[in-house]
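Just so we're on the same page: letters track the sequence lines, and every chain starts at 1. These figures come from a predicted structure and were not determined experimentally.
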Amino acid sequence: MLFPTLIFHVFFVVVFAANWLLRRAGDWRLILLLLASWLFYGWFDARFVVLLLASALINWGAGRLISDHRGWARFWLVLAVVANLLILGFFKYYGWFAASANQGLVQAGWHDALPVLDVVLPVGVSFFTFQGISYVVDVRQRRSDPARLIELATLMSFFPHLVAGPIVRPAHLLPQLREPPRLTRGVAATSLVLIGWGLIKKAVIANDLAVHLVDPVFADPAAHGAADLVIASYGYAVQIYCDFSAYTDMAIGLAALLGLRFPRNFDQPYRAQSLQDFWRRWHISLSSWLRDYLYIAVFGGSRQRLAATCMALFMTMVLGGLWHGARITFVIWGALHGAGLVAERLWRLVRPAALPAAPRWLATLFTFHVVTLGWIFFRATRFDEATAILARIADMAPGRLIATPWTVALIAIGMACHFGPSRAIEQIGMRLRALPFVAVAALGTLLLLLVEGLRGGGIAPFIYFQF
Amino acid sequence: MLKAHTMDHGLPWGDSPIDLPDEAPDADPAPAGGLGWAFGVIATGCLALALFNSHAVANWANQLPQTTATAPVIDAANRWHDRAGALGLNQVVDRVERAAAAMRAARWPGQSPPDQR
């Protein structure tokens, strides 16, 4: 079930009404949200619900064991994290591992390839696995109380953030699940603005850029000229931002309409003046998850020797890249960001004090282009494809031009929203809450009609569903 | 014992994009309740969309598999789409669709149209 579809619209209206009818019914409201979330998830594939439930059970059991047997807490924690990683690893890397093993066997002279299971990657498996890991770690570190099974299952399954985040910390959501929900007029208005803005970004900007520019150019880069390749690279930078931030904007808005507050997940990332700044603005819930549970908890963070800190930073980003899938291009994307972050850290240490700071616009421009370079590797399916794109751009190669005034205008709009007021959503929400509901309904209807007319064809799944 | 050490505090105020500056939990006066207002917006919006966006209903229905159970639904959705068109209710979406098609078809000076590339 995709957010920008009629079926989800009907689903959400029913859940919204039932949620508020049950607002003082305690656990019955959680049961409703849980059943609704399973229906939402089962719409993709009913088997996924079993996996989700199994994952919740494992983490709930581990959480109980950790809190009840503090002497063995470390053991149970390691076991739970390993179980979570095995689930994630099996679904994400089994196909690659089996294909590689078979290829190796054939090269070694083995003629009969081993039978390979056709494993379907469950949508959003990474996100609920990360939720599970953060729960057991937080219980072990006493950052979160152990949850009841229904609370943890709701935390991990809650449909607005189930398939593509934001990753909500147990300590942030569990207390909200234990309280009766609350909805002010300002929250309702701001949520509607987030949902509407998300719809525009996904259904109009990201969809059209994908269909009319990025997908055809990246499918056959050798046929396209340097101008097309440059514009398509910028186009992908805008597409992935609009696609992913649209999902989380809608997730935050939908959760808020059900009385639950989610954290901010994007903060005008292409305004960043360094890669470090970029990662404080891009997919904030994942980057802070990687910082807390990988960079600090596993690799030791920055309170160690400089070389070890740099290695921790680099490895965190490489593993962050590998998390996206078993592809060399993802590893290179992660390594590029890791190397960039290390270079920035070292530069801050050796930079002569007398050297004037680069103008902000130059730092932003430079950071954006480093990030876009990374996106080329991220989007390309093969390493040689990415290098061919870069080589053709460097050679100013001639070829087809499919970028049109429309696609360039969409890129410009996608970039422009980074340089508007950073609290524009809040400000619009504050204006809307002063209007009567009929006026807001009329504005919302008009917006949806515009989106319906502007979007061409169907709605593609969100990019981050595949991770 | 456990409670004394926990940090189970919920999301800090201001960390969510829906946190408006004058609606903090301890705001005085307390912010106006929004449940009835939100119900009003959603219910009115749904009715308006049912009237003016028959495209969405028809698109959804036409993607359903053709079975004896779905045939009446598909038929009803398409009839409603035709009726709405006859009543002029589809004009907004139709006009935006035409404008969007024209914008998509626009080319740079000298650029080949899509069918000649």
### Task
Report the C-alpha separation of A:Phe262 and B:Leu11 in whole Å, then their side-chain angles, then the decisive distance to 0.1 Å, and conclude whether the side chain to side chain contact (heavy atoms under 4.5 Å, CB included) test is met.
CA-CA 8 Å; A:Phe262 279 3; B:Leu11 185 65; 5.7 Å; no
Measure the spacing between [atom1] of [X] and [atom2] of [Y] and express it to the nearest 0.5 Å.
| X | Y | atom1 | atom2 | value |
| --- | --- | --- | --- | --- |
| B:Leu20 | A:Thr190 | CG | OG1 | 4.0 Å |
| B:Glu23 | A:Arg185 | CD | CZ | 10.5 Å |
| B:Phe52 | A:Leu446 | CZ | CG | 10.5 Å |
| B:Trp60 | A:Ile7 | CH2 | CD1 | 5.5 Å |
| B:Met103 | A:Thr407 | CE | OG1 | 12.5 Å |
| A:Thr445 | B:Leu49 | OG1 | CG | 4.5 Å |

### Residue A:Arg433 versus chain B: region with a heavy atom under 4.5 Å
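Its backbone and side chain both get close to chain B.
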### Query
So which part of A:Leu173 gets closer than 4.5 Å to some heavy atom of chain B, the side chain, the backbone, both or neither?
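Neither the backbone nor the side chain of A:Leu173 comes within 4.5 Å of chain B.
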### Query
Taking 4.0 angstrom as the limit, do B:Arg104 and A:Asp208 come out as a salt bridge?
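Yes, charged N to carboxylate O under 4.0 Å.
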### Query
Between B:Asp19 and A:Arg261, is there a side-chain N and carboxylate O pair less than 4.0 Å apart?
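Answer for the salt bridge query: yes.
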### Query
Taking the six-membered ring where the residue is Trp, are the ring centres of A:Phe16 and B:Phe39 under 6.0 Å apart?
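When the ring centroids of A:Phe16 and B:Phe39 are compared, they turn out to be within the sub-6.0 Å range.
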